[in-house]
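Keep in mind it's a predicted model, so treat the numbers as computed, not measured. A note on names: the letters A, B, ... follow the listed sequences, proteins ahead of strands, and every chain is numbered from 1.
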There are 2 protein chains.
Amino acid sequence: MDIDESDRHLLEVLQEDANATINDLAFASHLSPASVQRRLKRLRDKGVIQRQVAIVDQNVLDQKMSFVILVELERERTDQLDTFKRAAQREPQVQQCYYVTGEADFVLLCVARDMDDFEQLTRRLFFDNENVRRFRTSVVMDRTKVGLAVPVWPDDTER
Amino acid sequence: MDIDESDRHLLEVLQEDANATINDLAFASHLSPASVQRRLKRLRDKGVIQRQVAIVDQNVLDQKMSFVILVELERERTDQLDTFKRAAQREPQVQQCYYVTGEADFVLLCVARDMDDFEQLTRRLFFDNENVRRFRTSVVMDRTKVGLAVPVWPDDTER
DNA sequence: CGTGAAACCAACATCTA
DNA sequence: TAGATGTTGGTTTCACG
């Protein structure tokens, strides 16, 4: 699967605005609409473009608080890891979960309505879990930058 | 701005699949297509639905590595904070940046092609910045869960 | 329910490695 | 020759009023 420069150009736009029309993309990437269409189909079929999602303003919803949690497990056995991963995936309030090197084993990004709601979440995730040694919580005061957009250019010189 | 249960239903679906058709949404939310359309327009106009983006497979791009970084500043003065925030926003490889309570001041989520690329990023972000006291890096071994979708239900009982 | 826009798909000529 | 591109046209789906 190779991605050429035109593909990168398309992906860059779509990562910011998935509603861009084929003609928009054609203009931006200096390709014909037909070519753009073929490329998009290929990128979707190959799973490079995985899905399209709507970004919803969190403040309007009731999930006003965000948390970063560092989790340390008692034992790092693969079955224990998988158990924890599944628990994280099952929990809607866990937005993101990363298995990492370093002092912590997992980094979680969670949302909650309020402190009480968050406390119940920690109960479900940690206190009911024998294998969690400790966890450290940081409350998010400012979501300075939020996004999943990835720089698609191999290096700065190619732009 | 109040969001009723039907709105929550719509948002819930759109957060996962922004390509759902109006008829799909109408069926899922037990509303008429016309009503869905009006609600969507209102949600978009009010900025509740901010934008639609494509999720791109990171592995296909060259940003194969992810990092979680805890940053501690020397002094927490507002102008220093703003300076750091701007630097994070300017840097495309910084996907997410949170200003948090606790032992660290900022939590960053970054991507890089390789270790060398990452090292250059840390140089730009930290070594050139007088105000950064220390930073701790965790390498992401497994992106167990990645998403921005937020549970839109005020509490579990309403589902 | 009608209209228009845009996505989708197929066919064909062209160009190049 | 094989692969990608541009052009065109026809069909269908869907958003919008």
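Rounded to a whole Å, the CD1 atom of A:I49 is 13 Å from the P atom of C:dA7. Taking atom CD of residue A:Q37 and atom C1' of nucleotide C:dA5, one finds them 14 Å apart after rounding to whole Å. Put simply, CG on B:L25 is 8 Å from P on D:dA15, counting in whole angstrom units. When the C1' atom of C:dT16 is taken as reference, atom CG of A:D4 falls 15 Å away, rounded to whole Å. If you take CG of A:N23 and C1' of C:dA5, they are 10 Å apart, rounded to a whole angstrom. Across the protein-nucleic acid pair, A:R42 atom CZ and C:dC9 atom P stand 16 Å apart, rounded to whole Å. Computed from coordinates, the B:N19 CG to C:dA6 C1' distance equals 13 Å when rounded to whole Å. Between the P atom of C:dA6 and the CG atom of A:L40 lies a distance of 15 Å, rounded to the nearest Å.
The shortest side-chain heavy-atom distance between A:D17 and B:V53 does not fall under the 4.5 Å cut-off. Looking only at side-chain heavy atoms (C-beta outward), B:I55 and B:V146 stay at 4.5 Å or farther from each other.
Ring orientation note: the planes of A:W153 and A:H9 are nearly perpendicular, at an angle over 60° on the 30°/60° scale.
Among the nucleotides D:dT5, D:dA15, C:dA6, the one closest to the side chain of B:I22 is D:dA15. The side chain of A:K41 sits closest to C:dC9 out of C:dC8, C:dA11, C:dC9. Of the candidates C:dA6, D:dA15, D:dT5, C:dA6 carries the atom nearest the A:T21 side chain, counting heavy atoms from C-beta on.
With hydrogens and angles left out, the side chain of A:R38 and the base of D:dG3 share no donor-acceptor pair within 3.5 Å.
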Begin from the C-alpha positions of A:V56 and B:Q50 and carry the test side-chain contact (heavy atoms from CB on, under 4.5 Å) through to its verdict.
CA-CA 6 Å; A:V56 175; B:Q50 298 177 329; over 6 Å; no
